[in-house]
Chemist: 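So that we are looking at the same thing, I have put the structure below in structure tokens.
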Amino acid sequence: MATAREWGRTALEEVPGVRILTPATGVAGLLTFVIDGRDPQEACAALAARGVVIRWLERPAALRASFGFFCDEVDVQRLSEGVNAVARGDW
């Protein structure tokens, strides 16, 4: 679980316009982040259309990805590519 979350954190840190809100330390498999200039609910829907299922939060207004034992590098890559597309405005 921690490994997949760490892969996700590393991948999202490289996306321009993404700010990660979850502290770097911790053991939970959740990663909360913001895509600057994008509404979380709309971004969540755009990601779902790309096969990326995450959750949007009302408070804080953000997105949350869940990583568990079932997540692998392919899942993290799909998340990263989807978030990159949304950050660029390529809905």
Chemist: For residues Ile54 and Leu63, report the shortest heavy-atom separation together with the two atoms involved.
Modeler: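 Looks like CD1-CB, 3.8 Å.
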Chemist: Below 4.0 angstrom, N of the basic side chain to O of the carboxylate: do Arg9 and Glu13 qualify?
Modeler: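 Here Arg9 pairs with Glu13 in a salt bridge, since their nearest N and O are under 4.0 Å apart.
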Chemist: At their closest point, which heavy atom of Arg38 faces which heavy atom of Arg88, and how far apart are they?
Modeler: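 For Arg38 versus Arg88, the nearest heavy atoms are NH2-C, 3.7 Å.
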Chemist: Any sub-3.5 Å donor-acceptor pair from Ser80's side-chain atoms to Val76's backbone N or O?
Modeler: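 It does not hold such a pair.
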Chemist: Search all heavy atoms of Trp56 against all heavy atoms of Pro40 and return the closest pair with its distance.
Modeler: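 Minimum heavy-atom separation between Trp56 and Pro40: CB-O, 3.6 Å.
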Chemist: So do the side chains of Val34 and Asp36 get within less than 4.5 Å of each other, counting heavy atoms only?
Modeler: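 Yes, close enough: below the 4.5 Å cut-off.
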Chemist: Could you report the tightest heavy-atom contact between Arg50 and Arg78, atom names first, then the distance?
Modeler: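 Nearest pair, atom of Arg50 first, then Arg78: O-CD, 4.1 Å.
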Chemist: Please give me the minimum heavy-atom distance between Pro60 and Leu21, naming the atom from each residue.
Modeler: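 Taking every non-hydrogen atom into account, CG-CD1, 4.1 Å.
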Chemist: Might you confirm whether atom CZ of Arg55 has over 12 heavy atoms from other residues, nucleotides or ligands at distances under 6.0 Å?
Modeler: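 For Arg55, atom CZ is not crowded (no more than 12 foreign heavy atoms under 6.0 Å).
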Chemist: For residues Leu57 and Phe33: do they belong to one hydrophobic cluster (side chain heavy atoms under 4.5 Å, members Ile, Leu, Val, Met, Phe, Trp, Tyr)?
Modeler: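 As far as the 4.5 Å side-chain criterion goes, Phe33 and Leu57 are not connected within one cluster.
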Chemist: Using the rule that two of Ile, Leu, Val, Met, Phe, Trp, Tyr join whenever any of their side-chain heavy atoms come within less than 4.5 Å, decide whether Leu79 and Leu30 are in one cluster.
Modeler: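 Different clusters: Leu79 never reaches Leu30 through Ile, Leu, Val, Met, Phe, Trp or Tyr contacts under 4.5 Å.
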Chemist: Where is the tightest heavy-atom contact between Glu73 and Trp7, given as atom of each residue plus distance?
Modeler: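 So the minimum-distance heavy-atom pair works out to OE2-CH2, 3.5 Å.
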Chemist: What's the spacing between Asn84 CG and Gln77 CD if we round to 0.5 Å?
Modeler: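 Answer for the CG-CD pair, Asn84 versus Gln77, is 9.0 Å.
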Chemist: For the side chain of Thr22 and the backbone of Thr32, is there at least one donor-acceptor N/O pair under 3.5 Å apart?
Modeler: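 Side chain of Thr22 to backbone of Thr32, a donor-acceptor pair under 3.5 Å: yes, one is there.
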